[in-house]
Novice: 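Let me begin by handing over the structure; questions about it come next.
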Amino acid sequence: MLDPKLLRDNPAELIRRLNTRGDDFTQSIEALVVLDVQRRETQTEFNRTQATSNQIGKQVGELVRKGASADGPEVQALRQQGNDLKASLAMLQEKDRDLEEKFKIELLKLPNLPNPSVTVGKDENENLEVAVWGELPTFDFEIQDHYDIGLRLGLFNFERATRVAQSRFVTLIGDGAALERALISFMLDRHRNHGYIEVMPPYLVNSASLTGTGQLPKFAEDGFKCADDDLWLIPTAEVPVTNLYRDEILKASELPIRHCAFTPCFRREAGSYGRDTRGLIRLHQFHKVEMVKFCRPEDSEAEHQSLVADAADILQQLELPYRVLELCTGDMGFAAARCYDLEVWLPAQNRYREISSCSNCGDFQARSANLRFKEADKKGTEYLHTLNGSGLAVGRTFAAILENYQNADGSVTVPKVLRSYLGKEQIT
RNA sequence: GGAGAGGUGGCUGAGUGGUCGAAAGCGGCGGAUUGCUAAUCCGUUGUAGGUCGAGUAAUCUCCUACCGAGGGUUCGAAUCCCUCCCUCUCCGCCA
């Protein structure tokens with residue numbers, strides 16, 4: 001969530017900067033400013049009343065200690081005063097909590113402020129292409145898309161997965177399952193070599209965790225929720241991994257912390273019914289290797305650059321052509337202050353498709369998840385910065401390999417770096 | 001799931017319902033002493049919110065909340081009662 005102080009200092013500037021995301025935040029900010037004033041007024045009054053009540057309690061204590069009878073007139077009078085305060089105290093407390101709650105929920109619904117240097121734009125058409133890598137493959141035969149290739153090679157089955165679960169699920173089979181597993185191992189090993197500490201977090205998380213990273217309260221309809229428990233299936237490893245240190249005060253000397261994690265990810269994909277219905281591109285359950293970093297504010301820019309480089313490294317190792325986009329203000333995710341997308345070349349679609357999204361969230365998540373650090377020789381605590389990026393979405397990598405490495409005879413060549421993992425050079 | 005024990009500050013660990021935000025120790029920080037290291041001594045040391053005042057400012061004074069979470073009893077709760085969560089031991093079940 002945003003720093004509530006921004007509402008007091010310069011709400012007009014806040015509105016202006018948030019509006020670059022493409023929505024109009026005027027009303028919600030103005031409502032929040034009013035709520036903020038109200039809640040502080042109420043809080044002040046509640047505090048004052050509480051102080052009076054505490055004072056009475058102390059006076060009784062003093063009298064009793066001095067030997068006054070608990071039923072004596074002085075004590076009785078004070079008890080009466082205390083009782084008289086109770087009603088208004090309860091009322092003020094309730095009002096205070098209501099306002100606090102409402103304020104927090106509304107504040108949590110505001111997205112992060114884009115970094116001032118991010119290009120202002122309204123949608124994905126205004127993203128900036130900042131790098132292109134690799135040569136696009138050429139084929140002297142009629143190419144197939146990953147769906148047809150995989151089906152023909154028996155790498156997966158959608159009908160049976162639909163029977164078992166629902167549409168937008170897949171079952172990987174044989175070399176398909178093994179390729180997926182090889183990709184996961186390869187990616188994790190690579191990240192470990194780059195200094196990331198691997199973690200295997202829970203795949204179910206509570207609502208406090210989803211609030212910490214920004215999925216709640218605004219995007220509840222995107223998640224799968226357990227009916228009988230306060231538990232949700234994770235939409236990305238970003239959620240459990242970022243929340244690992246929720247409510248902690250880390251030592252500055254422990255930073256930066258860099259984690260990588262493989263997890264399945266579960267998304268309802270509400271509102272995308274017609275899109276990418278074919279193949280592995282958009283599923284309710286998919287695999288992803290994620291990188292998550294925690295660092296000092298002054299280091300987050302550099303950590304962001306290396307995060308992108310580490311994601312790109314996987315594509316380079318796999319020799320898959322890709323490009324890097326710096327997202328404009330209108331296309332960035334909720335928690336991101338700056339975001340780079342990596343897009344892999346899919347020959348059958350004749351275009352690049354997103355395969356990684358690398359965000360610098362600044363202190364936005366740190367504030368909602370209460371992730372702080374303390375400098376040993378300094379007083380007080382500071383919110384750290386969080387970053388996360390896919391490294392990579394495994395299913396989309398799988399699809400990209402099938403399409404880019406397909407051969408005229410219908411086989412698929414296994415990328416060099418995966419051969420030792422898979423134990424073969426060709427999938428036939 | 002059943003029975004029992006327990007959850008206190010960075011850690012260990014006290015705490016008869018009434019100056020308890022909380023003893024003590026360790027650790028941390030500042031200082032003194034000291035050929036070096038070690039040791040010793042003195043001081044200091046939680047987080048968050050609010051607010052009047054002082055200060056350019058860091059900050060300080062004051063108020064409030066926080067002893068797992070939420071309720072309740074009481075003039076007053078770390079302390080008593082209820083519910084929930086978590087940890088430990090034993091039993092049951094289970095990969």
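Residue numbers begin at 1 in each chain, while the letters A, B, ... track the order of the sequences. As the structure is a computational prediction, the values presented were derived from the model and not from experiment.
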Novice: Check whether any side-chain nitrogen or oxygen of A:Arg40 sits under 4.0 Å from OP1 or OP2 of B:rU51, and answer yes or no.
Specialist: yes
Novice: Is it the case that the side chains of A:Tyr196 and A:Asp310 hold a donor-acceptor pair, with the cut-off being a distance below 3.5 Å and no angle test?
Specialist: yes
Novice: When the distance from CD1 of A:Ile249 to P of B:rG28 is rounded to whole Å, what number comes out?
Specialist: 18 Å
Novice: Counting only side-chain nitrogens and oxygens, does A:Asn47 get under 4.0 Å of the OP1 or OP2 atom of B:rC63?
Specialist: no
Novice: Choosing from B:rC63, B:rU47, B:rU19, which nucleotide comes nearest the side chain of A:Arg372?
Specialist: B:rU47
Novice: Closest to the A:Ala51 side chain: B:rU51, B:rC63, B:rA65?
Specialist: B:rC63
Novice: Considering only side-chain heavy atoms of A:Gln43, which listed nucleotide, B:rU64, B:rG18, B:rG50, is closest?
Specialist: B:rG50
Novice: Could you give the NZ-to-P distance, from A:Lys86 to B:rU73, as a whole number of Å?
Specialist: 7 Å
Novice: Indicate whether any N or O donor in one side chain lies under 3.5 Å from an N or O acceptor in the other, for A:Gln305 and A:Glu301.
Specialist: yes
Novice: Picking from A:Glu198, A:Glu290, A:Glu303, what satisfies salt bridge (Lys or Arg N to Asp or Glu O under 4.0 Å) with A:Arg258?
Specialist: A:Glu303
Novice: Just compare B:rG50, B:rU47, B:rC75 and give me whichever is closest to any side-chain atom of A:Thr381.
Specialist: B:rU47
Novice: Would you say a side-chain N or O of A:Lys58 is under 4.0 Å from OP1 or OP2 of B:rG76?
Specialist: no
Novice: Just compare B:rA65, B:rG70, B:rC75 and give me whichever is closest to any side-chain atom of A:Asn54.
Specialist: B:rA65
